[in-house]
Trainee: 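Below are the structure tokens for one structure; questions will follow.
Only a predicted model underlies this, so the values are computations on that prediction, with no experimental measurement involved. Counting starts at 1 for both ligands and their atoms, following the listed order.
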Amino acid sequence: MGKSYREELVGVFGYPVDENPTVVVAQTAFEDLQVPYRYLTVEVRPEDLKDAIRALPAWNMKGIHLTIPHKVEVLKYLDHVAEDAKIMGAVNTVYVKDGKLYGENTDGKGFIKSLVNADIALEGKKVFMLGAGGAARAIAVELANAGAKELIILNRSRARGEELKALLEEHTKLQVEYREWDHTMPIDEDTDILVNTTSIGLYPEVDAKPDIVFDTILPHMVVCDVIPNHPHTQLLKEAEKRNAKTIDGLGMLINQAVESIRMWTGKTADAEKMKNALAKEYGIADV
Ligand code: NDP
């Protein structure tokens, strides 16, 4: 008697969304926190996004994650968007409060947290970033918020690279330089942090490597990758060979989910348990 069967609903909208593994880490967190939350993996077509988002309060849902292709489009349908998400032009987390829709972007915050957890300071640092897409935008804005000083953007498409440079110069204090990625590029010797934000190396292309001079990676550098599957990328292997410290993309994925779960539940989930659940799901023993 008195038992409640009702669940608080959250989840992810995407298209395609079948292979999104966030449900595994989210349900692990909810069980561990002992909260009656259910994470739904929902296929929402682009033309249905407006209806799907506007229905969140009617379903009394706590919020939702957005993934490809909805992160930019969703901004139109929200009541409030956080300042940094506005600069990024992308939202990956929505939470519902008093019937209103609030948008945030936790991707970059998740990346920064994975550096902080590894005791890597960002204040005054020079970052060399491969890529200028959605993940790059989120990471670059949060690097600026965390006090990084200088950012080199290496990107194949000039338009995208220059657009990101202009956006960062307008809204942040970062010193930014764009370089066109049209040949095998060296990494500047005074780089503190090298980060791959491109999709190079993402499953099933696990043998792909970014077109850089690997011998310009030096032992004082921290080399990071956003690729979550498989997390032990060729770039990280090359960096390990040159005695650089490495940070994989699982930390970012888990930490962005921890941030979103805090927005939905008010509680802080155990990142280590979530990471273990995901590693088990991927059949990865060496993380
Ligand atoms: P986008 O499509 O927005 O951007 C892709 C970027 O990769 C662009 O800069 C593109 O360059 C570059 N790129 C792709 N292929 C190549 C190539 N062969 N050579 C050089 N550059 C290339 O994607 P996202 O930013 O949304 O996602 C990028 C990656 O980040 C994905 O693999 C995703 O899984 C991962 N990610 C991981 C997260 C995590 O939590 N770990 C969170 C979010 C994303 P160009 O502009 O020239 O096309």
Trainee: Write out the residue and atom name of the closest protein heavy atom to atom 16 (C) of ligand 1, then the distance separating them to 0.1 Å.
Mentor: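 Its nearest protein heavy-atom neighbour is Arg156 NH1, 3.4 Å.
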
Trainee: Just need the protein heavy atom nearest to atom 31 (C) of ligand 1, so name the residue and atom and give the distance.
Mentor: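 Scanning the protein heavy atoms, the shortest distance from atom 31 (C) of ligand 1 goes to Ser199 CB, 3.9 Å.
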
Trainee: Given Asn155, Val226, Asp225, Thr197, which one has a non-hydrogen atom that is nearest to atom 46 (O) of ligand 1?
Mentor: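 Among Asn155, Val226, Asp225, Thr197, the closest heavy atom to atom 46 (O) of ligand 1 belongs to Asn155.
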
Trainee: Please report whether ligand 1 has a polar contact with Ala132, defined as an N or O pair separated by less than 3.5 Å (distance criterion only).
Mentor: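 It does: an N or O of Ala132 is found under 3.5 Å from an N or O of ligand 1.
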
Trainee: Run the salt-bridge test on Lys86 and Glu83 with the 4.0 Å N-O cut-off and return the result as yes or no.
Mentor: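 Looking at Lys86 and Glu83, the cut-off is met.
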
Trainee: Identify, for atom 44 (C) of ligand 1, the protein heavy atom at the shortest distance, and state residue, atom and that distance.
Mentor: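 Looking only at protein heavy atoms, the one closest to atom 44 (C) of ligand 1 is Ala135 CB, 3.9 Å.
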
Trainee: Does an N or O from Pro228, backbone or side chain, lie closer than 3.5 Å to an N or O of ligand 1?
Mentor: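 Checking ligand 1 against Pro228, no N or O pair falls under 3.5 Å apart.
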
Trainee: Can a salt bridge be assigned to the pair Glu8 and Arg6 using a cut-off of 4.0 Å between side-chain N and carboxylate O?
Mentor: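 Salt bridge between Glu8 and Arg6, a charged N being under 4.0 Å from a carboxylate O: yes.
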
Trainee: List the closest protein heavy-atom neighbour of atom 43 (C) of ligand 1: residue, atom name, distance to the nearest 0.1 Å.
Mentor: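 Answer, as residue, atom name and distance: Asp107 OD2, 4.1 Å.
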
Trainee: Give yes or no for whether the N/O distance cutoff of 3.5 Å, strictly under, is met between Ser157 and ligand 1.
Mentor: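 There is such a contact, yes.
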
Trainee: Tell me yes or no: between the side chains of Asn255 and Ser114, is some donor less than 3.5 Å from an acceptor?
Mentor: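 No - no donor-acceptor pair under 3.5 Å links their side chains.
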
Trainee: Looking only at protein heavy atoms, which one is nearest to atom 4 (O) of ligand 1, and what is the separation?
Mentor: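 Nearest protein contact, heavy atoms only, for atom 4 (O) of ligand 1 is Gly133 CA, 3.4 Å.
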
Trainee: Check whether the side chains of Gln256 and Thr106 place a donor and an acceptor atom closer than 3.5 Å, and report yes or no.
Mentor: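 Judged by distance alone, the side chains do pair up.
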
Trainee: If you count the non-hydrogen atoms of other residues, nucleotides and ligands that lie under 6.0 Å from NZ in Lys50, is the total more than 12?
Mentor: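 No, the 6.0 Å shell around NZ holds no more than 12 heavy atoms from other groups.
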
Trainee: Does any N or O of ligand 1 fall below 3.5 Å from an N or O anywhere on Ile227, backbone included?
Mentor: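 By distance alone, the answer is no.
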
Trainee: With respect to Leu253, determine whether any N or O atom, backbone or side chain, lies less than 3.5 Å from an N or O atom of ligand 1.
Mentor: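 Yes - when backbone and side-chain N and O of Leu253 are compared with those of ligand 1, one distance drops under 3.5 Å.
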
Trainee: How does Ile200 reach ligand 1, if at all, at less than 4.0 Å between non-hydrogen atoms: by side chain, backbone, both, or neither?
Mentor: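 Looking at Ile200 and ligand 1, just side chain atoms fall under 4.0 Å.
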
Trainee: In a check of side chain to side chain donor-acceptor pair (under 3.5 Å) between Ser260 and each of Thr265, Thr93, Asn92, Thr22, which one passes?
Mentor: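 Considering Thr265, Thr93, Asn92, Thr22, a side chain to side chain donor-acceptor pair (under 3.5 Å) with Ser260 is found only for Thr93.
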
Trainee: Can you tell me how the ring of His80 sits relative to the ring of Tyr102, calling it parallel under 30°, perpendicular over 60° and tilted otherwise?
Mentor: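 Parallel, since the angle between the ring planes stays under 30°.
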
Trainee: Establish, yes or no, whether the cationic atom of Lys241 lies under 6.0 Å from the six-membered ring centre of Phe214 and within 45° of the ring axis.
Mentor: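 Geometry flag: not set, cation outside 6.0 Å or 45°.
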
Trainee: Checking Asp211 against Thr184: is there a side-chain donor and acceptor pair closer than 3.5 Å?
Mentor: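 Side-chain D/A pair, Thr184 to Asp211: present.
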
Trainee: Can you pull out the closest protein heavy atom to atom 6 (C) of ligand 1? Residue, atom name and distance to 0.1 Å, please.
Mentor: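 Of every protein heavy atom, Thr198 CA, 4.0 Å lies nearest to atom 6 (C) of ligand 1.
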
Trainee: For atom 8 (C) of ligand 1, what's the nearest protein heavy-atom neighbour? Residue, atom name and distance, please.
Mentor: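 That would be Arg160 NH1, 3.4 Å.
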
Trainee: Let me know which of Leu101, Leu75, Asp107 forms a side-chain contact (heavy atoms from CB on, under 4.5 Å) with Val91.
Mentor: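 Going through Leu101, Leu75, Asp107 one by one, the side-chain contact (heavy atoms from CB on, under 4.5 Å) with Val91 is satisfied by Leu75 alone.
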
Trainee: Of all the atoms in ligand 1, which lie at a distance below 4.0 Å from a heavy atom belonging to Gly131?
Mentor: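 Under 4.0 Å from Gly131, ligand 1 has these atoms: 9 (O).
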
Trainee: Can you tell me the protein heavy atom closest to atom 42 (C) of ligand 1 and the distance?
Mentor: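 Ranking protein heavy atoms by distance from atom 42 (C) of ligand 1, first comes Met252 CE, 3.6 Å.
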
